[in-house]
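Each chain gets a letter, A, B and so on, in the order its sequence line appears, and its residues count up from 1.
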Amino acid sequence: MTVISQPPRRPSDDRLKRALREALLAGLISLGMFVLYVGLQTTQDIRNQLVLNQRWGLLAILVALAVVGRFLIVYLLGPWFAARKAAKAARAVGAEAPPQNFLRRNVGWIALLALMIFPMAMLWLVGPQKSLKWVDNYGVQILIYVMLAWGLNIVVGLAGLLDLGYVAFYAVGAYSYALLSLYFGLSFWTLLPLAGILAAFWGIILGFPVLRLRGDYLAVVTLAFGEIIRLVLINWTDVTRGTFGVTGVPKASIFGIWSFDFNAANSFGKLFDPELRRPTLNSAYKIFLFYVILAMCAITAMVTIRLRNMPIGRAWEALREDEIACRSLGINTVTTKLTAFSIGAMFGGFAGAFFAARQGFISPESFTFHESAIILAVVVLGGMGSLFGIAVAAVVMIGGTEALRELHFLKTLFGPEFTPELYRMLIFGLAMVIVMVLKPRGLVSVRNPTAFLHERKAVSSAFTKEGHG
Amino acid sequence: MEYFIQQTINGVTLGSVYGMIAIGYTMVYGIIGMINFSHGDVFMLGTFAALIMFLILTSLVAGMGVAAMLLVMMATAIVMSSLWSWVIERIAYRPLRGSFRLAPLITAIGMSIVLSNFIQVTQGPRNKPIPPMVTEVYAIAGVTISLKQILIVLITVVMMTAFWYIVTKTSLGRAQRATEQDRKMAALLGIDVDRTISITFVMGASLAGVAGTMYLMYYGVATFSDGFIPGVKAFTAAVLGGIGSLPGALLGGLLIGLIESLWSAYFSIAYKDVATFSILAIVLIFKPSGLLGRPEIEKV
Amino acid sequence: MTQATEEGRLSGDEVLRVEHMTMRFGGLIAINDLSFSARRGEITALIGPNGAGKTTVFNCVTGFYKPTMGRILMRRSGGAEFNLERMSDFEINRDARVSRTFQNIRLFTGLTVLENLLVAQHNALMKSSGFTVLGLLGWRPYKDAAKEAVEKARYWLEMINLVHRADDPAGDLPYGEQRRLEIARAMCTGPELLCLDEPAAGLNPRESLELNTLLRAIREKHDVSLLLIEHDMSVVMQISDHVVVLEYGAKISDGTPRHVQNDPKVIAAYLGVEDDEVEEVLEEIEEVAEEATHGHQGGQPTGDAR
Ligand SMILES: Nc1ncnc2c1ncn2[C@@H]1O[C@H](COP(=O)(O)OP(=O)(O)O)[C@@H](O)[C@H]1O
Ligand SMILES: [Mg+2]
């Protein structure tokens, strides 16, 4: 008799088995989770009574996705992640070399230059009518969020204070501009600074009592403040006109020299061909707004970068790392937090005033908690503290969800009732969760030191602890 | 006077629901120091589970008794919210233990957005009304009290007693308290910390499921956005009672319920949510340890 | 700023006086009616078994806890006096010039070593930057002040032998270097009283030696008094001028290292003896004490490892 040697069990057999088991389990769990909510849909019938629609196909697809996804994660991605982790650990994460090449060092200036050309390029490429979409829906909207996220970044990213009511300051800015310009006829350029100052003022008033709270309590209190302000806007109808909102908010002018009102004596439209006036004036206004918000963003970035290199900015970052240590070094943490909070609020206020001038209409609807969450998501995704990462996140997330609206093929795929806008918040929420779990420091997770003795080395986020208080 | 008593009864009913949701916040905060922001939406999932089960029962099983129907709905809601909460803890919160301070809270906010929008996408954004299930109303000395109000208070009392027993008298409760005080030490002593935390989430979620069923029965309507405001109110209740304290959560819930109904009755219904939010801010600013919580001096 | 009232003047050579201080946490009395004082220019050591309340004393002195009862007086070299128990933590550092380190190191781990030392000069830099406004506009004197701050940081980096690590994240340093960096950071605030909470804990012998050198250098070159919590008796005996011994929140001995070393109560406390056995042990101690007076170093009581 010869001994037949068993083929040695390969580790991948085990892995395959485990992957299959896990996949099956994932399938069962997802079946349990989705069977009611996806498999059945509550809809109103003709008599306005609730009835159930059955959607077993969709349920099957979701469960299959869970099974396949889990299988792939365990079987393929798991080993890959483990290998990468091991490699990373071996590579002794320390200081990393700073980006050396010209392109990466001057990315801010290059981006600014590109954005300056952008509206003209669009005008030239797709014509005045179509360029509106690019300049306004994409350009201006994204830049508003960039500005808001950069403002919130001072509070959350630098000082480590989770502010869930940031939109309140946006609202203060918007209503300041809308109401003061309507009731007192003040111009955009007087009210823009005023809106920022008022928002900062509110930041101080709201911040002072709460900034000694621990981080998560602070988050909840700011959420409460945000909601209180929104509810006041809704209910104080004499002044704010409640849920109807404020209509006819005046447009911004070119520093009071030219107006964008068609009928005004100094209308900018008078400079154009009589036949083309109205549409051209509209396009011109959008392009003008684009440059205004671009300038506002540039100022925000410049101020943030400068502040970060000042004692106050360094104290913010120290505060984020360890509040108790800061106090032991004689830093008045309340005023330090207050400066971060109010400067962040101020930028929110600027953005709000701009928003009101751009929309011509504002209502409390625009200032819900969801809006705060979107801004927070952009900051979180970009990598707290990194202006560049945040800007990229804003382009991807805001631009991406804006693009969802235009994907008409989705409608043919999922039926005519499919409304992609509904998925916007779902995507934001998922992105927040996934990024937090996989890469809690966001896309850009290295920090540039504010001072150096020998050479500037970027600091990996692995050292940032953000532990206490 | 009758009006006042009437409003008090309404307030207690509402407060019972808030109290049951608040337990979930308080237990999770007690054990891992995290504000489980998505808990309100888990409650909303419970409401929807009960709603869908109600529709299944009415369309498939003709002539089922109301009591049996409520029981089945409640069981479904408990299973659904527990399952979801368990999965959420596993995939979204557990990997973040030991991450930086704000990470779990940010994730929980993301999760809350995911849950409410998931229901919005799958079930549609409209209000979902159901025909009234329990209609009996009793009038005593000019005050009306409905059977559903009695049911809610009764079920709350039963659930709270059961929870009180589990948390104070069983080994599970001991494991929870040990984990709460010193997670490393508890692990060294052979307590399965991960499992204890999971169970805590599930326990909170199952109460949220019960609360969801009660909410549906009481108001007869469900919406995808129902997680947010009741969630914040329940959290306020937990903070007001002293976060980490079970009796505190119930007490806080009752107080918030009473304040809300009396405020709406005597002041202005428009500002009733402002009242809750203001209480939240005021309590956190002036007495963060709440009514029944122990004040803590942060160890340096 | 809270200037001390006339009745409680400290004598000229006193820098800190704690009077009848009690600290309660709920039912727990962590410190019970403690009084002691520290003299200017000296190293005062606070010793005692684990849980005796040493760190709590520090936290009260530096304002992180408010004592339930009692007074804490601090006198600066100029003669200004402060009631520390009425001041908040950051004012105690900023105005009374008391600086501290922590038992569990609290560096800004994600900032570089240099940045840690710059954060410590925050108040001075804030002033010279015109509270940020002037600095933001590129004011000349601020730029000079910023350069000076870096020089001061460089000086302290030289003192702790860490110049070559200046641009690395503080969290990347080995434990012993983190301890020294924390001390340097505390010194960068320009203190007159420096409180060190177990600076030698967890150090290897070489690092311990470096620490001793550092403390001596600080004392020689800088006008600063030290308050020191330490478990390592060899460190205490070698460098301190005055020792206060705590047990269960109460003072059981106070005097020169030699005096304390021979105090039967101290030995009993460190050996962990029941009260009724003290008599017994006292006799044994007589002998030990005798040996000690003859210059033996071996019979010292040693603290537990933490
Ligand atoms: N913030 C606090 N809350 C409750 N108890 C505390 C706190 N800080 C210290 N304690 C208690 O006070 C006692 C003394 O602690 P500590 O001062 O740290 O001792 P030591 O530093 O001498 O080892 C201990 O029993 C400790 O548990
Ligand atoms: Mg100690």
query: Of the backbone (N, CA, C, O) and the side chain (C-beta and beyond), which part of A:V435 lies under 4.5 Å from a heavy atom of chain B, both, or neither?
result: neither

query: At a heavy-atom separation under 4.5 Å, does B:L96 approach chain A through its side chain, its backbone, both, or neither?
result: side chain

- prompt: Relative to chain B, which segment of A:Q49 carries a heavy atom at a distance below 4.5 Å: side chain, backbone, both, or neither?
  reply: neither

- prompt: Can you tell me how far the CE atom of A:M436 sits from the CG atom of B:L102, to the nearest 0.5 Å?
  reply: 8.5 Å

- prompt: Is A:Q41 reaching over with its side chain to a backbone N or O of B:G124, donor-acceptor style, under 3.5 angstrom?
  reply: no

- prompt: What's the shortest heavy-atom distance between A:D216 and B:G33, and which atoms?
  reply: OD2-O, 3.9 Å

message: Which one wins on heavy-atom pair count under 4.5 Å against chain B: A:T42, A:L231, A:V221?
response: A:T42

- request: Provide the closest heavy-atom pair for B:M80 versus A:G32 in the form atom of the first, atom of the second, distance.
  value: CE-O, 2.9 Å

- prompt: Side chain, backbone, both or neither: which part of B:P288 has an atom under 4.5 Å from a heavy atom of chain A?
  reply: both

task: Kindly indicate whether the side chain of A:L36, heavy atoms from C-beta on, has any atom under 4.5 Å from the side chain of B:T76.
output: yes

Proximal component of A:F225, with respect to chain B [non-hydrogen, under 4.5 Å]: side chain

- request: Might you point out which heavy atoms bring B:I243 and A:Y217 nearest each other, and give the distance in Å?
  value: CG2-OH, 3.1 Å

query: Is the A:Y423-B:F118 ring centre distance short of 6.0 angstrom?
result: no

- request: Working to the nearest 0.5 Å, report the span between CG of A:N235 and NZ of B:K272.
  value: 10.5 Å

field: Proximal component of A:L164, with respect to chain B [non-hydrogen, under 4.5 Å]
entry: side chain

query: Checking B:F286 against chain A: side chain, backbone, both or neither under 4.5 Å from a heavy atom?
result: neither

Proximal component of A:A219, with respect to chain B [non-hydrogen, under 4.5 Å]: side chain

task: Give, as side chain, backbone, both or neither, the part of B:I106 having an atom under 4.5 angstrom from any heavy atom of chain A.
output: both

message: Looking at A:L50, is its backbone amide N or carbonyl O close enough to the side chain of B:K128 to form a donor-acceptor pair, meaning the two atoms are under 3.5 Å apart?
response: no

- prompt: What's the shortest heavy-atom distance between B:V114 and A:G429, and which atoms?
  reply: CG2-C, 3.3 Å

field: Aromatic contact, A:F369 with B:F37 (centres under 6.0 Å)
entry: yes

- request: Could you look at B:P129 and say if it's the side chain, the backbone, both or neither that has a heavy atom under 4.5 Å from chain A?
  value: both

query: Non-hydrogen atoms of chain A under 4.5 Å away: do they reach the side chain of B:I119, the backbone, both or neither?
result: side chain

- line: The interface call for B:V274 against chain A, heavy-atom contacts under 4.5 Å, is both

field: Part of A:L223 lying under 4.5 Å from any heavy atom of chain B
entry: side chain

- request: Let me know if A:V433 has heavy atoms under 4.5 Å from chain B in its side chain, its backbone, both or neither.
  value: both

- request: Could you tell me which portion of B:F224 (side chain, backbone, both or neither) has an atom closer than 4.5 angstrom to a non-hydrogen atom of chain A?
  value: neither

message: Just so I understand: if I count every heavy-atom pair under 4.5 Å between each of A:R212, A:H370, A:R55, A:R230 and chain B, which residue has the most?
response: A:R55

field: Interface residues of residues 48-56 of chain B facing chain A - non-hydrogen atoms under 4.5 Å apart
entry: B:F48, B:A49, B:L51, B:I52, B:L55, B:I56

- request: Select, from A:I29, A:L376, A:V38, A:V220, the one with the greatest count of heavy-atom pairs under 4.5 Å involving chain B.
  value: A:V220

query: Could you give all pairs that pass the salt bridge (charged side-chain N to carboxylate O under 4.0 Å, His left out) test and reach residues 108-127 of chain B, with sequence neighbours left out?
result: none

